[in-house]
Amino acid sequence: MISAVAQAPFRLGVVQNSPRFLKAKQNVSACLALMDGLAADLWVLPELFASGYNFRSKTEAARCAERVPDGPLCSLLKAWTAAKDCAVVAGLPEKAAARLYNSAVLVQGPKARVYRKTHLFGNEKRFFRPGDTGFWVSDVKGVKIGVMICFDWFFPESARTLALKGAQVLAHSANLVLPWGPEGMKIRSLENRVFSATANRVGRERGLRYIGQSQVVAPNGGLLARLGENEVRAFVLEIDPWTAKDKKVHPANDLFEDRRPSFYKR
Ligand code: ACM
């Protein structure tokens, strides 16, 4: 399939699923079966990968939501990642007091950290609160991972903030329905010189069609792997995350050193 580098390789896994709406247990088992037999250091799973996406009401979303870090899905992922010596980024509806968030957890054995989607899309605004965690970067086996969710890609500030915080890999958990995300993420990778792993879903749900095309993009904007629009599959590829430390696009141009933030204010 794909190549990347030999020095300090990092195994990056992506899952593209086709969840059955509200059938969380079944959907989790299906994803674990796709990942079975493949070894990765980091797996990226889609947004709301176990519950499905297209809720009708806050009540319906609340029925699938859980608390982080001790809800049933988080607990399962903690045990699974401990057994496999890996980390997982996975989307889930999160309950916090009376509030619901469209969240993604980065789970690594006993540790679970939550990112709450900053830029809500469409009907999500009816059930979920806008995320309040901000963008953060966490360490997985010495590699800096930044988490973002689906529509966040449309706001260049999301990827830029993560990259400025040191992210080498953007873990992009998605349920893309608009057509531009996969190509757009090539630009997010290129302009920040980072890897991006977009995990999307396929299938239809209450009138929405999800566009698949889960992918990994290199810091030069090159596509390293992309799945089809209807494919249900997991894949792993080896990358050299250290190439994402180099922000030079020309001997005289380092994209981060050349920024002129004083001119970027309104
Ligand atoms: C989306 O943000 N799920 C389109």
Side-chain angles (χ1 to χ4, degrees), residues 14-24 27 31 44-58 60-62 64-66 68 73 88-95 99-106 114-136 146-162 170-189 196-215 217 226-232:
V14 172
V15 179
Q16 180 161 294
N17 70 341
S18 182
R20 292 193 58 201
F21 194 51
L22 307 181
K23 302 277 184 204
N27 297 329
C31 283
V44 186
L45 276 71
E47 178 182 15
L48 303 175
F49 83 100
S51 57
Y53 174 82
N54 201 5
F55 299 113
R56 277 208 180 104
S57 63
K58 185 174 174 188
E60 193 175 59
C64 309
E66 68 173 60
V68 176
L73 181 55
V88 166
V89 169
L92 81 179
E94 184 202 354
K95 193 182 299 187
R99 297 183 293 278
L100 297 183
Y101 295 96
N102 183 345
S103 295
V105 281
L106 170 57
V114 71
Y115 165 68
R116 295 171 172 161
K117 186 174 183 178
T118 304
H119 305 98
L120 297 177
F121 176 74
N123 278 343
E124 290 170 37
K125 292 184 179 185
R126 290 174 39 215
F127 344 112
F128 294 122
R129 290 283 184 107
D132 56 2
T133 54
F135 295 100
W136 47 255
V147 178
M148 51 192 272
I149 303 180
C150 204
F151 194 51
D152 282 332
W153 84 266
F154 230 124
F155 300 82
E157 296 87 350
S158 312
R160 175 51 55 97
T161 304
L162 289 170
L170 304 179
H172 181 213
S173 210
N175 271 189
L176 295 165
V177 292
L178 301 177
W180 308 291
E183 288 300 294
M185 282 304 290
K186 289 184 183 173
I187 305 299
R188 295 291 96 83
S189 273
S196 61
T198 297
N200 194 25
R201 59 163 290 181
V202 303
R204 290 176 187 272
E205 202 178 69
R206 292 180 171 166
L208 283 184
R209 178 182 166 270
Y210 303 91
I211 65 165
Q213 302 172 72
S214 297
Q215 64 182 23
V217 179
R226 180 182 280 173
L227 296 179
E229 290 190 23
N230 298 302
E231 214 174 343
V232 172

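First listed ligand is number 1; within each ligand, the first listed atom is number 1.
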Point to revise | Centroid-centroid under 6.0 Å between F127 and Y101 rings | key: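 No, they do not, as the ring centres are separated by 6.0 Å or more.
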Point to revise | H119 ring center within less than 6.0 Å of F155 ring center | key: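 Between H119 and F155, which both carry aromatic rings, the centre distance is below 6.0 Å.
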Check your understanding: Would the number of heavy atoms belonging to other residues, nucleotides or ligands and lying under 6.0 Å from CZ of R129 be above 12?
Key ->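 Atom CZ in R129 is not packed in, count stays at 12 or less.
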Review point. Using a 4.0 angstrom limit on heavy atoms, which residues are close to ligand 1?
Key: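 For ligand 1, the residues that come within the 4.0 Å heavy-atom cutoff are E47, Y53, K117, F121, E124, C150, F151, N175.
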Exercise for review: Only counting residues at least two apart or in another chain, list the ones meeting salt bridge (Lys or Arg N to Asp or Glu O under 4.0 Å) with K95.
Suggested key: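 Salt bridge (Lys or Arg N to Asp or Glu O under 4.0 Å) list for K95, sorted by chain: empty.
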Point to revise | salt bridge (Lys or Arg N to Asp or Glu O under 4.0 Å) against R209, all qualifying residues, sequence neighbours excluded | key: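 Salt bridge (Lys or Arg N to Asp or Glu O under 4.0 Å) check on R209 returns E229.
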Practice item. Kindly write out the residues that satisfy side-chain hydrogen bond (donor to acceptor under 3.5 Å, both in side chains) with N200, not counting sequence neighbours, or none if the list is empty. Key: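 For N200 there are no side-chain hydrogen bond (donor to acceptor under 3.5 Å, both in side chains) partners, ignoring immediate neighbours.
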